[in-house]
Protein chains: 2
Amino acid sequence: MRREVTLRDVAELAGVSSRTVSNVVNGYANVTERTRVRVQRAVEELGYRPNVLARNLAQGRSGQIALVVPYLDTPYFSELLQSVIRAARARGYNVLIDQTDGDPEHERAFIAHGSRRLLFDGVIFSPLGLDQRALADHDPNLPLVVLGERSSDGTFDHVGIDDVAASRQATEHLLDLGRRRLAAIGDQPYATGEAAQLRTRGFREAHEARGLTAREDLIVGTPRFNRKDGAQAMAYLLDRADPPDAVFCYSDLVALGAIHTLISRGLRVPEDVAVIGYDDIEDGAYSNPSVSTISPDKEMIATTAVERLLLRIDSPAPPPAVEMRAPHKLIIRESTAGKG
Amino acid sequence: MRREVTLRDVAELAGVSSRTVSNVVNGYANVTERTRVRVQRAVEELGYRPNVLARNLAQGRSGQIALVVPYLDTPYFSELLQSVIRAARARGYNVLIDQTDGDPEHERAFIAHGSRRLLFDGVIFSPLGLDQRALADHDPNLPLVVLGERSSDGTFDHVGIDDVAASRQATEHLLDLGRRRLAAIGDQPYATGEAAQLRTRGFREAHEARGLTAREDLIVGTPRFNRKDGAQAMAYLLDRADPPDAVFCYSDLVALGAIHTLISRGLRVPEDVAVIGYDDIEDGAYSNPSVSTISPDKEMIATTAVERLLLRIDSPAPPPAVEMRAPHKLIIRESTAGKG
DNA sequence: ATGCTGTTTTGCAGCGCTGCAAAAGCGTAG
DNA sequence: CTACGCTTTTGCAGCGCTGCAAAACAGCAT
């Protein structure tokens, strides 16, 4: 395996200094057309390609950002991931992915002062296991953008949607159908369950706004937002004396699990039980029945997050922390509206 | 922002040479307990963390591998991705992800002699837009492991499952149910459609093995293996004079799309039409009806790929190319067997 | 003491690039 | 012909680490 071609090799062939070659390669101003052409030719003749590692070291930056999410096989995240990669690539950055499984230690390792630090210039982070307080304890020099329901403590940016309003909207939709025994699946009444709690709040507020009272006994918790938990929670609800006639699920996966249980028990969706989800993943649009849902603008969340992060990376003094709300909308499908 | 602590800083404090500090930090042998402790203490006192960028340059390696797949929001890939990350992390490597959208240019850029080259020490690549010939034209110095249905040309390793056998098994399962008008959805009769063609071959062979003949007019092509294409192809099949009584879909997403069409037309699955998919994605297990499928051992594919790649990266002379077959199994669910 | 062997520590060069500031070139004005 | 300001090119140091080979040390036998 022969040695790689270096700047110096090109310089020698072109008869200029290696610094000039660097200038040409990086498209700096103030290079005469004459030399530019000469260098360009030498570059091509030798098949020179810059050594990213050396450039990184010299510049003290890696040109990479990390995207840290709890689960990659969750459609919501894999759909988001796509948009993040696209946005970052457009700005010349690579994306390093990591899945934490919601493990607090793993999450902490990514935002703490650690040896991985230099591998990325900043982090887009969707926390699950770390609560608000633990989040505050991040490497102060690490540009950080947080996704989801945590709020900013002033040292990082935060991008999310208005969960309370969205949940309220979803619940109101169920009430509009005339349903009155509404269940909610997905509550998480502990420090790291902020997202869930906001949705529960929206669920309650929707009732109150109509002079109704949410049935507290129909609010069921789940450890995760996946199909299995949804299926189990639904089974639990159906085994009660007075099962619900509508269910607000805190994610589409939960909704899919719940629907699976309903159908296999011979119930009809939405006739017997209407179901609405949250996240607008692709599966929900093609399932039987298709799933009504809250659709956050993922593309916007991703591009906003990347933009803010790069701004943070590039600015010498940390810019003021920003709270950003991406828009969302209610999408009505068969699981609440029935067949067309 | 103050300067980072370097090896030299630690060396000074500990009263040893910077090389010794390096030895301690990297756990090299031949360091006396006395010095190790002294250095260790200095490291902690100063909060030293090695600069990965500098290490990379000095060692001429990046400690990263790239995983290049066509689509990240396809559950098959996002599930695979997880396992790859886990396996790589266990061996001290980070994973850089890229999605190509099946664009041949984009794919080529990743395996060709290019400036990104140094960013990763090797690539695990699932080609879609590049055919066998284009694949051969990769940077010979790039350790490469290819996933899917291409076969190796001797310059890279290949990991996949036996598509023909698996497809045959799926088809035989449908025949065992007594169905005789079998359709196949997903054929791609062009250079980059090797995966599809192997599945079609298996479909035909299953018929032949029983002295039957596959209905060529019921083999439908699709540009991609997603829900929408599955839904459309199914609609096309149902509009025929003699619609099929069973369908072999070349991916679970295609199957989910097909089932969606069937149900919305008022047909019963599997009573009227039995459906089997391919890939064993999680959705298929919780859909209504749940989807019978061919389940490739993804965990094994991922770990094998990573292992081979690292072997290739670490060995001075390129090891001989290997063709590896991961096991698969037939999973029978409601879409062929009905409710349990 | 001296030589020998094996272990531990060190010094230096160099990975390939970019930042910085100085040097060279060049055109115009005095 | 010299001076001045601007553009273009250069040289060098240094990013922080590791590879290599030499140096220092230690233990033991002679």
Side-chain angles (χ1 to χ4, degrees), chain A residues 1-40 42-43 46-63 92 114-119 121 314 316, chain B residues 1-40 42-43 46-63 92 114-119 121 314 316:
Chain A
M1 179 160 116
R2 69 186 199 294
R3 216 177 104 280
E4 284 290 316
V5 180
T6 75
L7 270 191
R8 236 177 298 278
D9 298 329
V10 178
E12 202 161 327
L13 178 63
V16 296
S17 78
S18 68
R19 197 58 182 72
T20 297
V21 178
S22 168
N23 285 338
V24 171
V25 170
N26 293 293
Y28 287 158
N30 297 344
V31 180
T32 46
E33 198 51 26
R34 246 179 66 80
T35 40
R36 179 187 310 286
V37 170
R38 194 136 47 97
V39 170
Q40 212 74 270
V43 163
L46 296 177
Y48 168 77
R49 51 188 179 180
N51 181 320
V52 211
L53 270 39
R55 178 181 294 172
N56 286 349
L57 177 59
Q59 293 187 146
R61 29 153 287 163
S62 69
S115 76
R116 309 273 289 290
R117 172 68 182 80
L118 277 293
L119 271 181
D121 301 329
D314 290 335
Chain B
M1 177 161 117
R2 68 186 199 294
R3 214 177 104 281
E4 284 290 316
V5 180
T6 75
L7 268 191
R8 237 178 297 280
D9 299 329
V10 178
E12 202 160 328
L13 178 61
V16 296
S17 77
S18 67
R19 196 59 240 274
T20 296
V21 178
S22 168
N23 285 338
V24 171
V25 170
N26 293 293
Y28 286 157
N30 296 345
V31 180
T32 46
E33 198 50 29
R34 244 179 70 80
T35 39
R36 177 186 311 286
V37 170
R38 194 136 48 97
V39 170
Q40 213 72 270
V43 163
L46 296 177
Y48 167 77
R49 50 189 180 183
N51 181 322
V52 209
L53 270 38
R55 179 180 295 172
N56 286 349
L57 177 60
Q59 295 188 144
R61 30 153 287 165
S62 68
S115 77
R116 307 272 289 290
R117 172 66 182 84
L118 276 294
L119 271 181
D121 300 329
D314 290 334

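Letters A, B, ... mirror the listed sequences (proteins, then strands); counts begin at 1.
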Flag side-chain contact, heavy atom, 4.5 Å: R34(A) against R38(A): yes
Sugar-phosphate only, base, or nothing, as touched by N30(A) at under 4.0 Å among non-hydrogen atoms: base
Interatomic distance where CG belongs to L57(B) and P belongs to dC17(D) [whole Å]: 12 Å
Interatomic distance, R36(B) atom CZ to N30(B) atom CG [nearest 0.5 angstrom]: 10.0 Å
N51(A) and R55(A): side chain donor to acceptor below 3.5 Å: no
Nearest-angstrom distance from the residue atom CD of Q59(A) to P of dG16(D): 14 Å
Whole-Å distance separating the CG atom of N51(B) from the C1' atom of dG14(D): 13 Å
Sorted by number, the residues of residues 8-23 of chain A with heavy-atom contact under 4.0 Å to DNA chain C: R8(A), R19(A), S22(A)
Selection from dC15(C), dG16(C), dG19(C) that lies nearest to any side-chain heavy atom of Y28(A): dG19(C)
Flag for D121(A)-S62(A): side-chain donor and acceptor within less than 3.5 Å: yes
Sugar-phosphate only, base, or nothing, as touched by N26(A) at under 4.0 Å among non-hydrogen atoms: sugar-phosphate
Residue closer to the 5' end of DNA chain C, T35(B) versus A58(B) (nearest nucleotide): T35(B)
Reported CZ-to-CG distance for the pair R117(A) and L53(B), which is rounded to 0.5 angstrom: 10.5 Å
